[in-house]
Amino acid sequence: QVQLVESGGGLVQPGGSLRLSCATSGRTLSIYDMSWFRQAPGKEREFVGHITWSGGSTYFADSVKGRFTISRDNAKNTVYLQMNSLKPEDTAVYYCAARLRYEGQYNYWGQGTQVTVSS
């Protein structure tokens, strides 16, 4: 089992920055990768980016590429989503998700944290 808790969301003006945190607990040594997803009102959940737990390789959706970065602190079992040059269309509830080794899908999700980009 893996438990995930997101934090760091809030209200930010366009062009601003925000860093989200995803604290993990449980079988963290079994995690293969972590991903960030977001869901805006009236829209389906979409993929934002991911990072491999051990190697730190990252991949991002085109919509955020060049603006968002993902990092991890293995000592704290925490993954971060650094969001820069935020746009109103980035407004959404952001979720982190964990995929364990030998599992083909993300079976563990956080509760989500609201990010609102508005003037």
Side-chain angles (χ1 to χ4, degrees):
Q1 299 182 25
V2 174
Q3 295 80 44
L4 310 176
V5 179
E6 302 98 335
S7 62
L11 176 64
V12 63
Q13 293 185 339
S17 298
L18 203 62
R19 188 173 79 158
L20 306 183
S21 298
C22 178
T24 70
S25 60
R27 296 177 59 193
T28 57
L29 293 178
S30 297
I31 295 175
Y32 173 70
D33 66 353
M34 299 280 298
S35 287
W36 287 93
F37 295 82
R38 66 186 183 186
Q39 187 169 22
K43 297 183 178 180
E44 294 186 353
R45 183 176 297 163
E46 66 173 338
F47 170 79
V48 175
H50 88 171
I51 185 170
T52 58
W53 190 242
S54 60
S57 299
T58 58
Y59 176 80
F60 299 93
D62 288 342
S63 59
V64 304
K65 192 175 298 181
R67 299 188 297 119
F68 291 11
T69 59
I70 299 176
S71 61
R72 85 277 193 236
D73 186 335
N74 288 353
K76 297 181 178 180
N77 293 320
T78 300
V79 172
Y80 305 95
L81 178 65
Q82 178 67 49
M83 304 182 294
N84 300 318
S85 302
L86 284 164
K87 305 174 181 179
E89 50 263 44
D90 294 319
T91 296
V93 177
Y94 283 71
Y95 301 88
C96 64
R99 178 167 59 185
L100 305 190
R101 290 188 178 274
Y102 311 112
E103 295 183 353
Q105 59 185 315
Y106 294 93
N107 292 318
Y108 305 97
W109 294 78
Q111 83 289 347
T113 185
Q114 176 70 48
V115 173
T116 302
V117 184
S118 176
S119 298

statement: Between Q82 and S17 the two heavy atoms that sit nearest each other are NE2-CB, 3.9 Å
- prompt: Would you say the side chain of T58 lies within less than 4.5 Å of the side chain of T69, judging by non-hydrogen atoms?
  reply: no
field: From R72 atom CZ to I31 atom CD1, the distance as rounded to the nearest 0.5 Å
entry: 12.0 Å
field: Inter-residue atom distance M34.CE - Y108.OH, 0.5 Å rounding
entry: 12.5 Å
message: Does L11, at its CG atom, have more than 12 non-hydrogen atoms belonging to other residues, nucleotides or ligands within less than 6.0 Å?
response: yes
task: Check the pair Y80 / C22 against side-chain contact (heavy atoms from CB on, under 4.5 Å), numbers first and verdict last.
output: CA-CA 6 Å; Y80 305 95; C22 178; over 6 Å; no
Do any side-chain atoms of residues 87-101 form donor-acceptor pairs under 3.5 angstrom with protein atoms, and if so which ones, sequence neighbours left out?
unit_1	atom_1	unit_2	atom_2	d
D90	OD1	R38	NH1	2.9
D90	OD1	R67	NH2	3.0
D90	OD2	R67	NH1	2.7
D90	OD2	R67	NH2	3.4
D90	OD2	K87	N	2.8
T91	OG1	P88	O	2.9
T91	OG1	V117	N	2.9
T91	OG1	V117	O	3.4
Y94	OH	R38	NH1	2.9
Y94	OH	D90	O	2.6
R99	NE	D33	OD1	3.1
R99	NH2	D33	OD2	2.6

field: Test item: side-chain donor near acceptor, S25 and Q3, under 3.5 Å
entry: yes
task: Spell out, as yes or no, whether a donor-acceptor pair under 3.5 Å connects the side chain of T24 to the backbone of T28.
output: no
- request: Evaluate whether atom NZ of K65 has more than 12 neighbouring non-hydrogen atoms of other residues, nucleotides or ligands under 6.0 angstrom away.
  value: yes
message: Taking N107's backbone N and O only, do any of them form a donor-acceptor pair with E103's side chain (distance below 3.5 Å, no angle check)?
response: no
Check: G112 main-chain N/O paired with E6 side-chain donor or acceptor under 3.5 Å: yes
task: Go through the steps for I70 and Y59 under the test side-chain contact (heavy atoms from CB on, under 4.5 Å), then give the verdict.
output: CA-CA 9 Å; I70 299 176; Y59 176 80; over 6 Å; no
query: Between F47 and W36, is a ring pair (Phe, Tyr, Trp, His ring centres under 6.0 Å) present by the stated rule, with each step listed?
result: CA-CA 6 Å; F47 170 79; W36 287 93; over 10 Å; no
field: Transitive ILVMFWY side-chain link L18 to V64, under 4.5 Å
entry: yes
message: Less than 3.5 Å apart, any donor N or O on the side chain of T52 or Y32 sitting next to an acceptor on the other?
response: no
- prompt: Do L4 and I51 share a hydrophobic cluster, counting only Ile, Leu, Val, Met, Phe, Trp and Tyr and linking them when any side-chain heavy atoms are less than 4.5 Å apart?
  reply: yes
query: Would you say F60 and W53 are hydrophobically clustered, going by side-chain heavy atoms of ILVMFWY under 4.5 Å?
result: yes
message: When you compare the side chains of T78 and D73, does any donor N or O come within less than 3.5 Å of an acceptor on the partner?
response: no
field: Straight-line distance of M83 CE to R19 CZ, nearest 0.5 Å
entry: 11.5 Å
message: Please determine whether residues F37 and L81 belong to a single hydrophobic cluster, defined as Ile, Leu, Val, Met, Phe, Trp and Tyr linked transitively by side-chain heavy-atom distances below 4.5 Å.
response: no
